[in-house]
Amino acid sequence: AMDLAVTDPGTGIQVFSLAPRLEGSMVTVQRVIEVAENGDLTLGGRLESFDFNLDVADLHARLAIVGPGGGPPQLIKLPELPIHAVVGKRGELVAIAGLDALPIPPLPVPGGQKINLVEMISKVIEEFSQPTFPEGPVSVGDTWEFEMVIDPLAMAEMMGAPMPPEAAAQLGELSFPMKIVSTLVALETVNGIECAKIRAEAPWELTMPVGPPEAGGMVLNESGATTVMTWFDYSAGRMVRETTEVELTMTMGAGGIVPMRMEMRMSVETELK
C-alpha cells in the first residue's frame, strides 16, 4: 500500500495524489536438488498458482492462475522455474543459479556501454544476503547483530555504469551502515511443530541531494524499518512461517518546503503447508 502526495510549493495546494494498493497470494513447490559437501542446498521451485489484485484510482486489475475455490490449478501445469537458489546451511542465500538462462538483455546506458543485468543481480545477491541465524548457540532473549554498508557508488561501479567525476564524488558521500539486530524471542509451536521464533529488525535513514546545486538544492529524505519474524523448525532445518513488515517514508523538498511526500507499507507472509 502506498500513499503519494504532491503539492504546489507556492500555494501548498495539493495538485496530485495517488494511493495504489496491491494484494495477492501465490503457492509454490520447492524441492532440494543437491546437497553439497559443505551443507549448501541447491533448491528448485515451481509456481503452482497466483492471484493478485491491483487498485489504482479507477483502475482495478486482477492477474491470476487459480483452480476451483482459489486453489492450485488442476488443468494447467506450470513448468519448473529455471532458477535455482543455493542456500547455506545457516540459512543465508549464497547464490542464484540459472539466471543466465533467462532472456534478460543488457541494459544500454549513456556512452554506448551496456550493463549486464544478470551479472548485476547475482552480485547484489552475493553482496547483501545475510545469515538468518547466529554463529553459535543462543538462549531465549539473546540477540545477535549483522552489519553491512550500503554504498551507492560501489553498487554503480559493480553494475558497470559510467560515472562522471561530479556524480562519483556525490555518490561517495552517501555510503551508510545498516545494522540488523536479531532476537530469539521464544520457542513456539506452529502447526504442531516446535519452532524457534526469531525477530530481525533493520531501521534505516538516508538523506541525499537530488540533482546539481543549481537545480534548487532539492534534498531527498528517506527513513524506514524492516521487521522480519521467522518461525524456524530447528529439528528439521526449515522455515515454517515468516512475516515481513516494511514501512517507508520519503520526502523531497528544499528550504523547508516539501512538495512531495510518500508513505509505503508492505506486509508479506510465507507459510509452509
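Sequential numbering from 1 along the given sequence is applied to the chain's residues.
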Fill in: Within 6.0 Å of CE in Met26, more than 12 heavy atoms from elsewhere
no
Practice prompt. Report the residues that fulfil side chain to side chain donor-acceptor pair (under 3.5 Å) with Glu222, sequence neighbours left out, ordered by chain and then residue number.
Written response: Trp204
Worksheet, complete the sentence: When rounded to the nearest 0.5 Å, the distance separating CG of Asn38 from CG of Asp40 is 3.5 Å
Fill in: Partners passing side chain to side chain donor-acceptor pair (under 3.5 Å) against Asp58 (at least two apart in sequence or in another chain)
none
Fill in: Sequence-distant partners of Pro20, side-chain contact (heavy atoms from CB on, under 4.5 Å), two or more places apart
Met2, Leu18, Val56
Worksheet item: If you group Ile, Leu, Val, Met, Phe, Trp and Tyr by side-chain heavy-atom gaps below 4.5 Å, do Ile96 and Ile33 land in one group?
Response: no
Discussion item. For residues Val181 and Val140: do they belong to one hydrophobic cluster (side chain heavy atoms under 4.5 Å, members Ile, Leu, Val, Met, Phe, Trp, Tyr)?
Written reply: no
Item to complete: Name all residues meeting the salt bridge (Lys or Arg N to Asp or Glu O under 4.0 Å) criterion together with Glu263; count only those two or more places apart in sequence or in a different chain, and write none if there are none.
Response: Arg261
Discussion item. For the residue pair Glu242 / Thr230, report whether a side-chain donor-acceptor contact shorter than 3.5 Å exists.
Written reply: yes
Worksheet item: Do you know which two heavy atoms are closest between His84 and Gly44, and how far apart they sit?
Response: CD2-CA, 3.8 Å
Item to complete: Can you see which heavy atom on Pro79 is nearest to which on Arg46, and at what distance?
Response: O-CG, 3.7 Å
Practice prompt. Quick one: list whatever passes salt bridge (Lys or Arg N to Asp or Glu O under 4.0 Å) with Glu145, sequence neighbours left out.
Written response: Lys179
Worksheet item: Is the number of heavy atoms from other residues, nucleotides or ligands within 6.0 Å of CD (Glu23) greater than 12?
Response: no
Practice prompt. Evaluate side chain to side chain contact (heavy atoms under 4.5 Å, CB included) for Leu22 paired with Asn53, printing each intermediate quantity in order.
Written response: CA-CA 6 Å; Leu22 175 65; Asn53 291 276; over 6 Å; no
Discussion item. Set out, in order, the CA-CA distance, both residues' side-chain angles and the distance that settles side chain to side chain contact (heavy atoms under 4.5 Å, CB included) for Met260 and Met250, then state yes or no.
Written reply: CA-CA 8 Å; Met260 189 177 83; Met250 186 191 75; 3.3 Å; yes
Discussion item. With a 4.5 Å cut-off on side-chain heavy-atom distances among I, L, V, M, F, W and Y, is there a chain of contacts connecting Phe232 to Trp144?
Written reply: yes
Worksheet, complete the sentence: Separation between CD (Glu201) and CE (Met229), nearest 0.5 Å, reads 7.5 Å
Below 3.5 Å, can you tabulate the donor-acceptor pairs from side chains in residues 183-193 to any protein atom, sequence neighbours excluded?
unit_1 : atom_1 : unit_2 : atom_2 : d
Glu188 : OE1    : Trp231 : NE1    : 3.0
Glu188 : OE2    : Lys197 : NZ     : 3.4
Asn191 : ND2    : Glu271 : OE2    : 3.0

Worksheet item: Looking at Gln14 and Thr7, what are the two nearest heavy atoms and their distance?
Response: CA-CG2, 3.8 Å
Discussion item. Considering only residues two or more places apart or on different chains, which pairs with a residue in residues 17-72 satisfy ring-ring contact (aromatic ring centres under 6.0 Å, His included)?
Written reply: none
Worksheet item: In Å and rounded to the nearest 0.5 Å, what is the CD to OG1 distance from Glu269 to Thr244?
Response: 10.0 Å
Response to the item:
CD1 of Ile198 to CE of Met239, rounded to nearest 0.5 Å, is 11.5 Å
Worksheet item: What residues form a side chain to side chain donor-acceptor pair (under 3.5 Å) with Gln30, not counting sequence neighbours?
Response: none
Discussion item. Can you list everything that forms a side chain to side chain donor-acceptor pair (under 3.5 Å) with Asp51? Sequence neighbours excluded, please.
Written reply: Arg62
Worksheet item: Considering residues at least two apart in sequence or located in another chain, which fulfil the salt bridge (Lys or Arg N to Asp or Glu O under 4.0 Å) criterion with Glu80?
Response: Arg31
Worksheet item: Distance from Ile65 atom CD1 to Glu48 atom CD, nearest 0.5 Å?
Response: 11.0 Å
Response to the item:
Smallest heavy-atom separation, Pro259 atom then Met252 atom, equals CD-O, 3.0 Å
Fill in: Nearest non-hydrogen partners of Val66 and Ser49, listed with the distance
CA-CB, 4.4 Å
Worksheet item: Is there a path of hydrophobic side-chain contacts, each under 4.5 Å between heavy atoms of I, L, V, M, F, W or Y residues, that connects Ile83 with Val32?
Response: yes
Discussion item. Applying a strict under-4.5 Å side-chain criterion to I, L, V, M, F, W and Y, I'd like to know whether Met264 and Val6 cluster together.
Written reply: yes
Item to complete: Working to the nearest 0.5 Å, report the span between CG of Leu272 and CG of Asp233.
Response: 8.5 Å
Discussion item. The criterion is side-chain contact (heavy atoms from CB on, under 4.5 Å); which residues satisfy it with Ala1, sequence neighbours excluded?
Written reply: Arg21, Arg265
Fill in: Where at least one partner belongs to residues 245-259, residue pairs that pass side chain to side chain donor-acceptor pair (under 3.5 Å), sequence neighbours excluded
Glu245-Ser267
